Amino acid sequence: MVSIIVTHKKDIFYLRDCLESIAEQQFQDYETILVLDHTEDDLEEIIQEFQKEAHLKIYKLEEKTGVSAARNLGMDKASGEYIYFLDNDDYLYGDAIKTLLDVMDEDTDMAYGKVKHTWFQRQAFNDAQSDSENEEEEEISKRKEFLLSFDFNDPLNYRYERYRKLDKITVLGALYKKSLFIDNNIRFNENQTYFSDALVVTSIFKYAKKFKCTEDALYVKRHHNDKQNNPAISQHTKEETMPDYFVAYKNSYKMAGDDKKLKNHLNVILAKFIVKEYINKLRWSEDERWKGEFYNGIVEMAKTIDKKALKRKEFTRAEKKMIYAFIENDFDKMQKKSIRVLFHRKIKKMFRNKRVMYKTITLYVFSRMKLKENWIVFESFMGRNCSGQPKYIYKYLMENCGNKYKCIWVVDRKGVKIPGTGYKKCKRFGLRYYYYMNRSKYWVNNMRQSLSIPRRPETIMLATWHGTPLKRLVFDMEDVHSANPRYKDIVYRQTREWDYLLSDNPFSTEKFQSCFLFEREKILEYGYPANDPMYAPDRQERAEKIKRKMGIPENKKVILYAPTWRDDQFYDKGQYGFELDLDIKRLEKEFGNEYVLLLRLHYLVVDQLDLSQYGDFTVDGSSYDDITDLYLISDLLITDYSSVFFDYANLKRPVLYFTYDLEKYRDVLRGFYLDMEKDLPGPLLLTNDEVVDAIKNIDKITEEYRDRYDEFYNRFCCVDDGHAAQRVVEKVFH
């Protein structure tokens with residue numbers, strides 16, 4: 001019998017994944033001890049669902065509170081020979097419990113597996129893990145060979161490698177004999193909120209007779225992606241956790257007793273904390289406790305450090321001297337040495353990374369130069385082109401304000417074309433970029449700005465954004481499946497710097513407040529300048545010129561296919577792949593005589609699709625700067641979940657939705673603000689057959705959706721009238 005101990009205080013959203021992963025274990029001789037820590041969640045439905053499937057036994061903390069007290073109660077109630085700790089926001093992959101049990105024997109007190117970190121919910125993680133298993137097979141084989149080379153009868157070699165940092169010490173991902181805890185009175189400290197695992201793990205190291213490991217048992221450690229509204233214990237600030245840090249270290253050191261290797265390991269942990277974390281807090285934090293209370297606490301702990309523990313290559317000579325200053329309780333000497341350490345680090349970084357060098361120059365040179373009141377920096381889609389709201393605000397300024405403003409365009413490569421004359425260009429993250437960003441009073445950006453530029457208090461930032469949201473954004477998303485697990489935290493920091501945010505309609509205004517946690521009074525519901533050309537008197541003549549420029553025959557109608565990116569198809573942060581599910585060969589066969597297909601991938605997609613096989617039927621519009629031009633020449637739009645159809649609706653031309661992965665996108669990756677079946681001004685098409693049929697019957701579909709299209713237009717295009725740029729300029733630039 002294995003007793004799986006799960007504690008719960010809040011977050012049913014996470015708990016469901018946790019219990020599902022237990023219920024799907026093939027090994028059935030277990031019980032799930034669910035300890036409720038004064039939760040306010042209504043768990044009746046979820047308990048009823050998993051009562052039998054996960055062999056649930058429910059217990060409640062009465063007087064005490066906290067994960068430590070909950071785990072202790074779980075151990076007291078456990079009837080199994082083995083115990084396994086599982087946090088309610090984590091889950092198991094595969095048959096992890098049985099896999100660990102298979103390597104246990106009579107003399108083994110602990111069997112541990114692999115801990116993998118993610119911010120994905122379970123279904124998305126399982127899909128990604130399954131896809132990558134074959135690719136990782138060789139790598140896993142190498143790691144197994146390395147791990148199994150250790151003598152687990154004397155596991156000191158490996159255990160100190162595994163637990164390198166005090167804040168990483170955890171009891172998770174391992175199966176224990178319950179007798180190990182009972183015979184040695186191993187308990188969690190119920191007075192600790194943070195680092196409560198440290199003493200327990202130290203005790204396990206001291207008393208366990210034998211360890212074993214298997215990388216086939218996978219514990220999935222799931223990180224919270226909403227630090228502002230729902231932080232995990234590990235996401236609380238250092239200032240909040242430091243008092244428990246001291247308790248954890250002292251108790252662990254005391255528990256180590258005569259074990260010199262274990263004490264030496266704890267010494268190294270403390271020394272690393274001093275050189276990697278403390279001196280940065282001392283230098284930059286406004287909290288005076290780092291000079292007083294926290295300093296004194298570290299000095300007291302530093303007295304335990306055996307200088308032999310510092311004879312490691314991982315500590316530089318300057319770092320060792322700084323640690324010695326702590327041991328000697330010499331604050332002035334410690335400050336001098338820490339400044340020297342930070343200086344050496346900065347110098348190394350400057351020579352290894354140009355961006356660090358430019359930021360340093362900005363801090364000490366550019367930031368001290370006078371701010372230019374009439375300089376405006378424009379950036380569109382991370383410098384990839386000149387388009388969107390920034391382009392049309394810039395054009396209005398050029399046409400109506402003469403030489404009043406100096407305009408600077410941020411670009412990420414050569415060849416980006418800027419209309420007009422008299423502007424300046426600077427390469428994104430080049431030295432001139434830092435210079436202009438630091439000296440310009442106005443920043444105009446349709447994306448989230450880089451945090452590498454410190455914003456002066458006098459700077460005015462206009463965030464124009466780039467569409468009406470269909471997909472849930474940032475703080476309206478329950479989960480994050482993109483390449484950056486810190487997505488919500490980063491966006492929160494970026495949006496605090498915005499002075500104004502443009503909105504295209506009342507719907508966007510409402511959603512921007514919730515998804516960005518943004519103040520209503522800073523939102524300008526003025527319409528989108530990029531939509532102004534769709535109301536211009538000469539839009540037909542302009543469209544004809546664009547078609548000629550792109551080499552599209554005048555007698556051919558244009559289908560614009562503009563799909564969005566998928567959060568889980570990424571190579572790196574901000575770099576997404578795309579798999580083309582639209583059957584272009586079939587479309588060419590059916591409609592090649594009447595239409596041209598204009599393909600426009602999302603700006604975050606880095607894949608380059610080879611369209612040469614389709615001849616003249618396809619035109620690559622992904623590299624074309626301005627999607628507004630593509631709207632003007634298109635007779636029909638096919639998209640999926642991209643916000644392009646909100647802008648395109650200003651033309652009142654038909655829209656089709658190729659939503660072949662609707663269920664996954666809606667239920668796993670993003671979720672929507674609208675009801676796709678009821679609110680959109682066109683049909684949802686799940687197959688290529690349906691796409692072909694819809695194009696053949698486009699006149700019939702147009703008539704069928706006429707009333708819904710009118711409702712949609714009145715709701716989402718009600719502000720745009722061709723004068724949005726004028727309203728923005730008159731409000732922001734003065």
Side-chain angles (χ1 to χ4, degrees), residues 119 223-231 235 237 284 355-356 358-359 362-363 367 376-384 388-390 393 408-410 412 426 428-429 433-434 436-438 440-469 471-477 479-504 508-509 511-524 528 565 567 570 572-576 602-604 643 670 728 732:
W119 56 98
H223 298 285
H224 293 203
N225 52 51
D226 191 347
K227 188 176 178 181
Q228 279 65 42
N229 297 314
N230 185 21
Q235 291 175 313
T237 65
W284 306 113
R355 197 178 297 186
V356 174
Y358 296 158
K359 287 170 68 175
T362 299
L363 180 64
S367 64
I376 308 172
V377 175
F378 293 89
E379 183 177 325
S380 178
F381 297 116
M382 297 179 289
R384 294 178 185 176
Q389 331 305 345
I393 293 171
I408 302 100
W409 273 93
V410 175
D412 74 340
C426 63
R428 197 166 190 251
F429 299 129
Y433 168 81
Y434 286 90
Y436 282 122
M437 291 293 286
N438 204 259
S440 301
K441 180 172 181 178
Y442 300 99
W443 298 353
V444 180
N445 197 332
N446 67 352
M447 288 284 292
R448 294 179 282 112
Q449 78 282 7
S450 169
L451 288 170
S452 66
I453 301 291
R455 202 194 86 154
R456 289 187 178 187
E458 311 96 308
T459 303
I460 294 175
M461 176 158 189
L462 169 62
T464 71
W465 207 237
H466 48 268
T468 296
K471 302 169 288 189
R472 291 187 178 274
L473 297 172
V474 203
F475 291 102
D476 289 338
M477 297 167 62
D479 214 1
V480 172
H481 296 94
S482 62
N484 196 334
R486 295 179 56 242
Y487 170 64
K488 289 189 177 183
D489 182 41
I490 291 171
V491 173
Y492 182 80
R493 292 169 57 201
Q494 290 168 322
T495 53
R496 297 318 92 186
E497 301 293 317
W498 295 353
D499 293 287
Y500 301 106
L501 171 62
L502 278 190
S503 166
D504 197 34
S508 295
T509 301
K511 301 310 175 187
F512 287 163
Q513 291 175 76
S514 61
C515 76
F516 294 130
L517 303 181
F518 204 69
E519 305 97 313
R520 173 62 184 91
E521 55 269 21
K522 291 185 177 182
I523 299 177
L524 306 180
Y528 279 156
W565 50 289
D567 301 62
F570 57 80
D572 202 350
K573 298 173 183 178
Q575 296 189 340
Y576 290 81
H602 193 277
Y603 63 89
L604 289 179
S643 64
R670 277 288 183 127
V728 172
V732 176

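The structure displayed is predicted, hence computed values, not measured ones. The chain is numbered in sequence order, starting from 1.
- Between the OG atom of S440 and the CD1 atom of I460 there is a distance of 12.0 Å, given to the nearest 0.5 Å.
- Judged as a side chain to side chain contact (heavy atoms under 4.5 Å, CB included), and not counting sequence neighbours, the contacts of T509 are S503, Q513, R520, I523, E525.
- The shortest distance between side-chain heavy atoms of C426 and I408 falls below 4.5 Å.
- Residues forming a ring-ring contact (aromatic ring centres under 6.0 Å, His included) with Y436 (at least two apart in sequence, or on another chain): W375.
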Next on the checklist: S452 vs Y358, test: side-chain contact (heavy atoms from CB on, under 4.5 Å). Steps then yes/no.
Outcome noted: CA-CA 10 Å; S452 66; Y358 296 158; over 6 Å; no
Item to check | Check against side-chain contact (heavy atoms from CB on, under 4.5 Å), V410 and V377 | outcome: CA-CA 7 Å; V410 175; V377 175; 3.5 Å; yes
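- Expressed to the nearest 0.5 Å, how far CZ of F516 lies from CZ of R496 amounts to 10.0 Å.
- Considering only residues two or more places apart in sequence or on other chains, L451 meets the side chain to side chain contact (heavy atoms under 4.5 Å, CB included) condition with I490, R493, Q494.
- Side-chain contact annotation: Q449 with W498, donor-acceptor N/O pair under 3.5 Å present.
- For the atom pair Y528 OH and H466 NE2, the distance stands at 8.0 Å (nearest 0.5 Å).
- Partners of W409 by side-chain hydrogen bond (donor to acceptor under 3.5 Å, both in side chains), not counting sequence neighbours: none found.
- A heavy-atom distance below 4.5 Å is not found between the side chains of W443 and E379.
- Among residues two or more places apart in sequence or in another chain, the ring-ring contact (aromatic ring centres under 6.0 Å, His included) test is passed with Y500 by none.
- Residues forming a side-chain hydrogen bond (donor to acceptor under 3.5 Å, both in side chains) with N438 (at least two apart in sequence, or on another chain): R456.
- Looking at every heavy atom in both residues, L473 comes nearest to P469 through CD1-CB, 3.8 Å.
- Inter-residue side-chain proximity for L462 and Y442 is flagged as unmet; no heavy-atom pair is nearer than 4.5 Å.
- Considering all non-hydrogen atoms of both residues, N446 and F381 come closest at OD1-N, 2.8 Å.
- For Y492, the ring-ring contact (aromatic ring centres under 6.0 Å, His included) test picks out no residue, with sequence neighbours left out.
- Residues W465 and Q389 are not in side-chain contact: their nearest non-hydrogen atoms beyond the backbone lie 4.5 Å or more apart.
- Residues satisfying the side-chain hydrogen bond (donor to acceptor under 3.5 Å, both in side chains) criterion with T464, sequence neighbours excluded, are absent altogether.
- With sequence neighbours left out, K441 forms a salt bridge (charged side-chain N to carboxylate O under 4.0 Å, His left out) with E373.
- Distance SG/C515 to NZ/K471: 12.0 Å, rounded to 0.5 Å.
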Item to check | Chi angles and distances behind the side-chain contact (heavy atoms from CB on, under 4.5 Å) call for M382, D412 | outcome: CA-CA 7 Å; M382 297 179 289; D412 74 340; over 6 Å; no
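- Take S514 and apply the side chain to side chain contact (heavy atoms under 4.5 Å, CB included) test, not counting sequence neighbours, and it matches D476.
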Item to check | side-chain contact (heavy atoms from CB on, under 4.5 Å) assessment of I376 paired with I393 | outcome: CA-CA 11 Å; I376 308 172; I393 293 171; over 6 Å; no
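- Here the closest non-hydrogen pair linking G467 and F512 is O-CZ, 4.0 Å.
- For the side-chain hydrogen bond (donor to acceptor under 3.5 Å, both in side chains) test, residues two or more places apart in sequence or in another chain that qualify with D499 are R455.
- Atom CG of L517 sits about 9.5 Å away from atom NZ of K488, to the nearest 0.5 Å.
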